[in-house]
Engineer: 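Below is the structure I would like to discuss, written out as structure tokens.
We're numbering straight along the sequence, starting at 1. The model shown is predicted, which means the values in this text are computed figures rather than measured ones. Scope of the values below: all heavy atoms of this structure, side chains included, with no hydrogens, waters or symmetry mates.
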Amino acid sequence: MGIQDIIEGKKQWRAHMARVKALPPDYQIVYKEIQRYLFKVGPIDLLDGSLLPGIVDFFEEGVAAGKGVLELTGNDVAAFCDDLVKDSRTYADIYQESIRGKSGVAEK
């Protein structure tokens, strides 16, 4: 990765965060919780993929339709996140694999 790629990545991230800051406060709070959750256990290709921008798109559509953020995500935001990454390899998967490998327990 060259310096130009790093600069472009920062520009894209700033533009993304500007979109988040343009959302209503309740949407921003839920987005930040989703982001925190996904950074902790989320897919290993989170920053390279379209998941976070897709969430902002989804939220912007919800705002335009006059819906509250919890109407979109449901009351259990963690379950909403789990559903988003259910088919993705996550850092939590890698951690579990490392534990199984260290304990000598083989998968069935």
Side-chain angles (χ1 to χ4, degrees):
M1 176 182 282
I3 189 84
Q4 202 61 32
D5 295 330
I6 294 170
I7 292 169
E8 186 59 35
K10 285 186 176 188
K11 285 181 185 176
Q12 289 174 357
W13 184 252
R14 284 188 194 117
H16 171 78
M17 291 310 296
R19 289 177 63 203
V20 171
K21 289 178 183 177
L23 293 168
D26 56 336
Y27 276 82
Q28 288 182 44
I29 291 167
V30 172
Y31 175 84
K32 287 176 184 171
E33 289 303 314
I34 290 171
Q35 183 184 40
R36 184 176 299 124
Y37 184 88
L38 292 177
F39 280 165
K40 191 178 293 183
V41 298
I44 56 176
D45 61 349
L46 180 65
L47 294 176
D48 298 332
S50 61
L51 183 59
L52 292 175
I55 292 169
V56 176
D57 292 341
F58 180 58
F59 281 6
E60 288 171 340
E61 291 170 11
V63 170
K67 294 184 177 184
V69 68
L70 295 180
E71 289 180 73
L72 302 177
T73 63
N75 289 329
D76 189 344
V77 177
F80 174 79
C81 293
D82 287 340
D83 209 32
L84 288 174
V85 298
K86 68 182 174 196
D87 297 326
S88 301
R89 185 169 159 87
T90 65
Y91 289 111
D93 295 333
I94 293 170
Y95 178 71
Q96 288 297 322
E97 290 165 7
S98 73
I99 290 173
R100 282 192 295 268
K102 289 178 184 175
S103 67
V105 176
E107 283 188 59
K108 292 184 180 183

Engineer: Is there a donor-acceptor pair under 3.5 Å between the side chain of Asp83 and the backbone N or O of Phe80?
Structural biologist: no
Engineer: Check whether Phe58 and Leu84 end up in the same hydrophobic cluster, where Ile, Leu, Val, Met, Phe, Trp and Tyr are linked by side-chain heavy atoms less than 4.5 Å apart.
Structural biologist: yes
Engineer: Quick one: does Val63's side chain get under 4.5 Å of Tyr27's, heavy atoms only?
Structural biologist: yes
Engineer: With side chains defined as the heavy atoms from C-beta onward, is the minimum distance between Asp82 and Tyr37 less than 4.5 Å?
Structural biologist: yes
Engineer: Looking only at non-hydrogen atoms, find the nearest pair between Lys67 and Leu72 and report the distance.
Structural biologist: CD-CD2, 3.9 Å
Engineer: Let me confirm one number: the CD-CD distance from Gln35 to Gln28, rounded to the nearest 0.5 Å.
Structural biologist: 11.5 Å
Engineer: Work out which heavy atom in Ile94 is nearest to a heavy atom in Arg89; give both atom names and the distance.
Structural biologist: CG1-NH2, 3.4 Å
Engineer: Say you draw a straight line from CD1 of Ile6 to CD of Gln4; how long is it, rounded to the nearest 0.5 Å?
Structural biologist: 10.0 Å
Engineer: For residues Ile29 and Val69, determine if any side-chain heavy atom of one lies less than 4.5 Å from a side-chain heavy atom of the other.
Structural biologist: no
Engineer: Would a single hydrophobic cluster contain both Phe39 and Tyr31, if residues Ile, Leu, Val, Met, Phe, Trp and Tyr are joined by side-chain heavy-atom contacts under 4.5 Å?
Structural biologist: yes
Engineer: Counting C-beta onward and ignoring hydrogens, is there a side-chain heavy-atom pair between Val85 and Leu51 closer than 4.5 Å?
Structural biologist: yes
Engineer: Are Phe59 and Thr73 close enough that some pair of their side-chain heavy atoms sits under 4.5 Å apart?
Structural biologist: yes
Engineer: Does the side chain of Met17 reach to within under 4.5 Å of the side chain of Arg14, using non-hydrogen atoms?
Structural biologist: no
Engineer: Distance from Ser98 atom OG to Gln96 atom CD, nearest 0.5 Å?
Structural biologist: 8.0 Å
Engineer: Side chains of Val77 and Leu70: does their closest heavy-atom pair fall under 4.5 Å?
Structural biologist: yes
